A.B. asks: 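Just passing along the structure, written as structure tokens.
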Amino acid sequence: MLGISIYPTKSDFKTSVEYIKLAHKYGFKRIFASLLDVTEENKKELLNLFRKVFTVAHELDMYITIDANPRVFGILGVDYQHLNLFKDIGADAIRLDANFDGLTESLISYGDSGLDIELNISSDAGNIENILSYAPNKKKILGCHNFYPQPYTGLDTEFFTKCTKKYKKLGLHTAAFVSSQVAKLGPHPFNSGLPTLEMHRHLPIEVQAKHLFATRLIDDVIIGNEFASEDELKKLSLINEEQLTLNIEFVSGVTEIERKIILNYLHFNRGDINSYSIRSTYVKLKFKDKSIPKGNTPEQLHPGDVVIGNDSFGQYKGEVNIVKKAIPNIDQHKNVIGRIVPRELFLIDYIKPWTKFRFQEQ
């Protein structure tokens, strides 16, 4: 599922509503909003603004999460037994930017408000184990990562994976943030993008999202900053969340048959994997009676090269490989027909045994 973030106090009602409607047009289903800048002085005005904006979002059947913490609870005069204020302004879930004591989260999960609880999963402090020890209603527990406005403070991939796996193993729904490359606004005065993963900060937004979905650890991808461009929203809407699609740049001279082999079929990696290449072998059966002449057969193959077995390769004619390590091609059995675009090369590491994937032309 895809989502956007909105910060109504940073813009105006009309602009927020237009952005929500534009995102809905492209199939976005979630909204993230922050209450962390609420004060005693602005709380009445802020809550009224949120109520107006959320009314529009609910008319479009969008799911709304509000970011809050114990300080926000104090300012608003609410406690875990009386959370109807959040429900009244239109929230479907409360994201707890800072945790309570475990028992409190458990009690909230059974509260009359019916709100879901979204936990901050960008840490490895044993929070989820503590909460589960108090027997919460797991159906009401979700997980969502942080975003990081300051450069070089976003999560490393290894740590992100470790933290998220805890929640996925428990069967909990998860979310993480990507960053628009044109949006300027966030909940804080300074932001240099709002991604969860540091490596995403300057990548195109669709590559960030492809990566998160390819990990098989994240269910929902939310744009952390506003306002993403319509082009970015459209690109995200075209992503197949269940299936990795890699952009390929074809070399000159590629044949029509080779293009069909690459673009017209679902590919999957063999189960008996190796460290040198990803092997899509099933598609060759469709072309066993077709000729695939030798063409563009360099003596050395490089990571990211996409190759097809040619007529000289016997039973391997038509097999598709994505090269992972440099390997020789001295016998010229493999035609290099294209390359994975450089910014997506890291994604091939997420093609595991039996992983399904497609190619699309850059």
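Please read all numbers here as calculations on a predicted model, not as lab measurements. Any value given below was found using the heavy atoms of this structure, including those in side chains, with hydrogens, waters and symmetry copies removed.
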A.B. asks: Between the side chains of R201 and E198, is the shortest nitrogen-to-carboxylate-oxygen separation below 4.0 Å, so that they form an ion pair?
C.D. replies: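 Yes, this pair counts.
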A.B. asks: Do K44 side-chain atoms and E41 backbone N/O form a donor-acceptor pair below 3.5 Å?
C.D. replies: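 Judged by distance alone, no pair lies under 3.5 Å.
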A.B. asks: Provide the closest heavy-atom pair for K140 versus S109 in the form atom of the first, atom of the second, distance.
C.D. replies: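 Closest approach of K140 to S109, heavy atoms only: CG-O, 3.4 Å.
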A.B. asks: State whether the side chain of S106 and the backbone N or O of Y134 hold a donor-acceptor pair below 3.5 Å, judged by distance alone.
C.D. replies: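 Checked: pair present.
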A.B. asks: Hey, would you say the F346 and H211 ring centroids sit under 6.0 Å apart?
C.D. replies: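 Under 6.0 Å, so yes.
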A.B. asks: Run the side chain to side chain donor-acceptor pair (under 3.5 Å) check on H145 and T164 step by step: do they pass?
C.D. replies: CA-CA 8 Å; H145 277 281; T164 317; 2.7 Å; yes
A.B. asks: For residues S312 and N310, is any side-chain donor paired with an opposing acceptor at under 3.5 Å?
C.D. replies: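 There is such a pair (donor and acceptor under 3.5 Å, judged by atom type) between the side chains of S312 and N310.
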A.B. asks: Are the aromatic rings of F86 and F73 close, with centres under 6.0 Å apart?
C.D. replies: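 Yes, ring centres under 6.0 Å apart.
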A.B. asks: Side-chain donor-acceptor contacts of residues 288-300 below 3.5 Å, not counting sequence neighbours, with atom names and distances?
C.D. replies:
unit_1, atom_1, unit_2, atom_2, d
S291, OG, D311, OD2, 2.6
N296, ND2, V336, O, 2.7
T297, OG1, Q332, NE2, 3.4

A.B. asks: Judged by modelled atom types alone, do Y63 and D116 share a side-chain donor-acceptor pair under 3.5 Å?
C.D. replies: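 Judged by distance alone, the side chains do pair up.
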A.B. asks: Same cluster or not: I66 versus L85, using hydrophobic residues (I, L, V, M, F, W, Y) connected whenever any side-chain heavy atoms lie under 4.5 Å apart?
C.D. replies: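 Yes, I66 connects to L85 through the hydrophobic network.
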A.B. asks: Keeping the roles fixed (side chain from Q181, backbone from L203), state whether a donor-acceptor pair exists under 3.5 Å.
C.D. replies: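 Here the side-chain-to-backbone pair exists.
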A.B. asks: Identify whether the distance between the nearest side-chain nitrogen and carboxylate oxygen of D272 and R279 falls below 4.0 Å.
C.D. replies: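 Judged by the 4.0 Å cut-off on N to carboxylate O distance, D272 and R279 do not form a salt bridge.
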A.B. asks: Can F359 and I261 be said to form a side-chain contact (heavy atoms from CB on, under 4.5 Å), step by step?
C.D. replies: CA-CA 10 Å; F359 296 98; I261 291 173; over 6 Å; no
A.B. asks: Does the pair D219/K168 count as a salt bridge with the N-to-O cut at 4.0 Å?
C.D. replies: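 Salt bridge present between D219 and K168.
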A.B. asks: Applying side-chain contact (heavy atoms from CB on, under 4.5 Å) to N240 and R358, what does each step give before you reach the verdict?
C.D. replies: CA-CA 10 Å; N240 186 329; R358 288 187 181 272; over 6 Å; no
